[in-house]
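The structure under discussion appears below in the form of structure tokens.
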Protein chains: 2
Amino acid sequence: MFELDVRSRKPIYEQLVEKMKQLIIHNVLKGDEKLPSVRELAQQLTINPNTIQKAYRELESQGYIYSLKGKGSFVHPSSEVDNKEELKKVREELKQLFAEAIYLGMTSEEISALLHEVEGGKQDD
Amino acid sequence: MFELDVRSRKPIYEQLVEKMKQLIIHNVLKGDEKLPSVRELAQQLTINPNTIQKAYRELESQGYIYSLKGKGSFVHPSSEVDNKEELKKVREELKQLFAEAIYLGMTSEEISALLHEVEGGKQDD
DNA sequence: CTAACTGTATTATTACTTCTAGTACAGTAT
DNA sequence: ATACTGTACTAGAAGTAATAATACAGTTAG
């Protein structure tokens with residue numbers, strides 16, 4: 001499914017959260033799609049099931065997936081995502097990153113271009 | 001100078017790096033301005049000098065400050081900052097964050113508005 | 001109902017990172 | 001010389017991440 005850097009200073013479960021978010025955001029994993037089970041993914045990645053669970057718990061609290069006992073974990077459909085806390089966090093991070101980008105010499109034109117590049121790469125299905 | 005959350009899950013030296021970057025980026029700390037010494041700041045914040053040094057080392061490697069043995073640590077003037085690695089990192093983070101913002105329901109207009117808000121708040125002196 | 005899946009929770013242990021503490025050395029300035 | 005600076009190193013305490021081994025509850029296919 002993806003690769004992890006076990007030697008990284010960044011915790012495995014955080015890497016896992018980031019990668020999964022990317023897959024969900026870029027629609028590689030579609031709404032209501034079933035994710036690999038905790039044990040299955042642990043075996044695939046040769047890491048401990050508890051670590052997977054920790055990542056899934058985090059993804060669930062951020063609203064990206066939902067889990068049903070006995071059934072599995074599933075991608076939360078984008079249209080239903082309504083996480084005001086996450087949105088607030090993202091807004092703050094954007095402001096911080098904009099200031100940093102400008103400080104490092106990026107123009108607002110460059111930044112806008114990047115935005116529209118990302119925006120253009122989207123499609124619903 | 002600022003406040004730190006010692007109880008936070010985020011390491012103290014990382015908080016310190018973030019805060020200092022903000023002060024530098026927003027021109028509260030100006031170019032070539034002398035920063036508090038490692039020992040002085042450690043005393044002010046009641047944390048260990050080694051922790052301050054770790055933060056300063058990180059800020060130096062990111063190009064935000066420079067240190068002179070026996071003299072002190074100083075803010076790197078914005079105009080001279082030319083850190084291609086940092087810029088590359090920021091570009092990647094922007095793309096990731098844009099995708100996330102859009103996924104969470106922000107429009108590109110909202111994002112652009114945020115950008116110009118940050119941009120407008122700048123002034124050289 | 002049983003067997004084999006699911007998520008979830010708990011406890012114990014190990015490994016790693018962060019932070020502190022103390023010391024030391026080299027360069028600068030008065 | 002004295003008192004500042006940054007920098008480096010070792011050692012130990014404290015907290016976090018990751019593993020390992022169980023256990024329990026809900027779902028589903030036979």
Handout entry: Under-4.0 Å salt bridge between B:K19 and B:E3
Key = no
Practice task
May I ask you to say whether B:R57 pairs ionically with B:E60, meaning some side-chain N is under 4.0 Å from a carboxylate O?
Solution key: no
Can you identify which nucleotide, out of [options], has its nearest atom closest to the [X] side chain?
| X | options | result |
| --- | --- | --- |
| B:E60 | D:dT7, D:dA18, C:dT6 | D:dT7 |
| B:K69 | C:dT18, D:dG6, C:dT8 | D:dG6 |
| B:Y13 | C:dT18, D:dA17, C:dG7 | C:dT18 |
| B:I47 | D:dT7, C:dT20, C:dT8 | C:dT20 |

Handout entry: Shortest non-hydrogen contact between A:K71 and A:K34, atoms and distance
Key = O-CE, 3.3 Å
Completion exercise
The correct set of residues in residues 48-59 of chain A placing a heavy atom under 4.0 Å from DNA chain C is A:N50, A:Q53
How long is the line joining [atom1] of [X] and [atom2] of [N], in whole Å?
| X | N | atom1 | atom2 | result |
| --- | --- | --- | --- | --- |
| B:L4 | C:dT18 | CG | C1' | 14 Å |
| B:Q43 | D:dC4 | CD | P | 11 Å |
| A:L68 | C:dT8 | CG | C1' | 13 Å |
| B:K10 | C:dC19 | NZ | P | 12 Å |
| A:I12 | C:dT14 | CD1 | C1' | 14 Å |
| A:D5 | C:dC16 | CG | C1' | 15 Å |
| A:L16 | D:dA18 | CG | C1' | 13 Å |
| B:R9 | C:dC19 | CZ | P | 13 Å |

Handout entry: Residue whose closest nucleotide on DNA chain D lies nearer the 5' end, A:K71 versus A:T46
Key = A:T46
Handout entry: Residue closer to the 5' end of DNA chain C, B:R39 versus A:G70 (nearest nucleotide)
Key = A:G70
Handout entry: Residue whose closest nucleotide on DNA chain C lies nearer the 5' end, A:S67 versus A:R7
Key = A:S67
Problem - Any side-chain donor near an acceptor of the partner, B:Q62 and B:E58, under 3.5 Å - result: yes
Problem - Donor-acceptor side-chain pairing of A:D32 and A:Y66 below 3.5 angstrom - result: yes
Exercise for the section: Treat each ILVMFWY residue as a node, draw an edge where side-chain heavy atoms are under 4.5 Å apart, and state whether B:F74 and B:V38 are in one component. Expected result: no
Practice task
Using the rule that two of Ile, Leu, Val, Met, Phe, Trp, Tyr join whenever any of their side-chain heavy atoms come within less than 4.5 Å, decide whether A:V6 and A:L16 are in one cluster.
Solution key: yes
